[in-house]
2 protein chains.
Amino acid sequence: MPKDRTPTRIQKKNRAAIMDAALEVFSAQGFRGATVDEIASLSGLSKPNLLYYFASKEAIYLALLERQLDTWLAPLHDLDPDGEPLEQLLGYVRRKLEMSRDFPRESRLFAHEIIQGAPRIGPVLSRDLKALVDEKAAVIRGWIAAGRIAPVHPHHLIFSIWSLTQHYADFDVQVRAVLGQEDPFEAAPDYLDTLFTRLLTP
Amino acid sequence: MPKDRTPTRIQKKNRAAIMDAALEVFSAQGFRGATVDEIASLSGLSKPNLLYYFASKEAIYLALLERQLDTWLAPLHDLDPDGEPLEQLLGYVRRKLEMSRDFPRESRLFAHEIIQGAPRIGPVLSRDLKALVDEKAAVIRGWIAAGRIAPVHPHHLIFSIWSLTQHYADFDVQVRAVLGQEDPFEAAPDYLDTLFTRLLTP
DNA sequence: TTTTGATTTGACCAGTTGGTCAAAGCGACG
DNA sequence: CGTCGCTTTGACCAACTGGTCAAATCAAAA
């Protein structure tokens, strides 16, 4: 196991390669479906060499989840209480949809974890995620009270943004199967824009 | 292996027990995460006995998917071209949401399959599901042309119904973690009703 | 060049997995 | 009761899994 101080150039490179390969495999197969061998070969390392950088399969998985979590929640974090309400919310939707298009693996990684009952990040959800959502829900409630957007249940509004946008990443295969030739991300932005505009315009 | 003709009372009972146990396990763990041992013990049979009724783990999984598929698509099938458009669509939403509440395991079973790239029901999606959706999309397009609902992209409308309703089954843990005490299915029906009413009212 | 620590590997291990098989048990019908 | 086909099981297996370890190799500072 490499020491904790000042990672080598090689350490950085190999850790990055492992994380990327792990994202590929875990997001496609879930935790139990993924194998260390597959991650190792995809990252160009032997299995013992991979386990020289990460203590265990679970350690890789946890490192991945942790690394992606902040990135994943950033758009919600950026929701500005002092901004124009509809503009803020539509911007949030747009950014989440872009993330589904540009980072579908990250989306599916979380999807797997949560569908299985969030056995490894459950506590984080009930603590950090809940706190963040509650905070933003309060902002939305304020906007509603001020008559700046139409009245809706704030929490469910956020759920609907998550589900509508992440659907295009998590269920990509289904969406494309049903659409045939058409690119999902051609019409989706306008559709969601329209949906939330009609929902939220007072 | 039991013969194909006229299943015994015992065959019926055991097959049913296996299917139910398999639904429990597959929906929680996905295909690769599930083990035959777990399904066997949950259904009260020994592993060799289970494999006397189903040729393989995959055979159980496929039988499950096939059995649930019709049930799963029934609500969309029932969308009546001759009904009142908004009423039909809101009814579809309501029924899908009830299914998420009453049959979350079935929802998660499909979710697992599709997130992993639908390796086993991909063809069914591109053929049967696509055909059904295209048919109903045409109905919706007709309603829009007649000015009976507001203009929206029909396919994406259907995607949004799927994602919004199934989210409450597939991501149940997250939803409950964020909501805390509150029951998701208390406010969800009204929320979705409002959302689609505002979206679709001309 | 030598040394020292970082890096890599082949061989190996114990536990789990899906699946097999011959033999034993059971139930209904004559 | 006896028989015959359905049902159940214990013992077993080969492949795979996550993980270990001692030894070999490599890189860079001295």
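A note on names: the letters A, B, ... follow the listed sequences, proteins ahead of strands, and every chain is numbered from 1.
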| request: Tell me which of Arg32(A) and Pro48(A) sits closer to the 5' end of DNA chain C, going by the nucleotide each one is nearest to. | output: Pro48(A)
| Upstream residue (5' side of DNA chain C) when Arg9(B) and Thr35(B) are each assigned their closest nucleotide | Thr35(B)
Given atom [atom1] of [X] and atom [atom2] of [N], what is their separation to the nearest angstrom?
{"X": "Phe54(B)", "N": "dT8(D)", "atom1": "CZ", "atom2": "C1'", "answer": "17 Å"}
{"X": "Lys57(A)", "N": "dT17(D)", "atom1": "NZ", "atom2": "C1'", "answer": "8 Å"}
{"X": "Asn14(A)", "N": "dT9(C)", "atom1": "CG", "atom2": "P", "answer": "10 Å"}
{"X": "Gln29(B)", "N": "dT16(C)", "atom1": "CD", "atom2": "P", "answer": "15 Å"}
{"X": "Lys13(B)", "N": "dT8(D)", "atom1": "NZ", "atom2": "P", "answer": "7 Å"}
{"X": "Asn49(B)", "N": "dA24(C)", "atom1": "CG", "atom2": "P", "answer": "18 Å"}
{"X": "Tyr52(B)", "N": "dC6(D)", "atom1": "OH", "atom2": "P", "answer": "7 Å"}
{"X": "Tyr61(A)", "N": "dG19(D)", "atom1": "OH", "atom2": "C1'", "answer": "20 Å"}

Counting only side-chain heavy atoms from C-beta out, which of [options] sits nearest to [X]?
{"X": "Ser46(A)", "options": "dT17(D), dT7(C), dT9(C)", "result": "dT9(C)"}
{"X": "Ile10(A)", "options": "dT8(D), dT8(C), dT17(D)", "result": "dT8(C)"}
{"X": "Ser56(B)", "options": "dT9(D), dA6(C), dG19(C)", "result": "dG19(C)"}

| query | With nearest nucleotides of DNA chain D determined for Ala34(A) and Leu50(B) from heavy-atom distances, which residue corresponds to the more 5′ nucleotide? | reply | Leu50(B)
| field | Partners passing side chain to side chain contact (heavy atoms under 4.5 Å, CB included) against Ala63(B) (at least two apart in sequence or in another chain) | value | Met19(B), Phe54(B)
| said: Checking His156(B) against Tyr168(A): is there a side-chain donor and acceptor pair closer than 3.5 Å? | reply: yes
| Would you say the side chains of Glu182(B) and His153(A) form a donor-acceptor pair under 3.5 Å? | yes
| said: If you go through the side-chain atoms of Lys47(A), does one of them form a donor-acceptor pair with the base of dG19(D) closer than 3.5 Å? | reply: yes
| request: Measure the shortest side-chain to side-chain distance between Ser27(A) and Glu106(A) over non-hydrogen atoms and say whether it is less than 4.5 angstrom. | output: no
| field | Side chain to side chain, Phe26(B) and Glu113(B), heavy atoms closer than 4.5 Å | value | no
| message | With a cut-off of less than 4.0 Å, is there a side-chain N or O of Gln11(B) near OP1 or OP2 of dC6(D)? | response | no
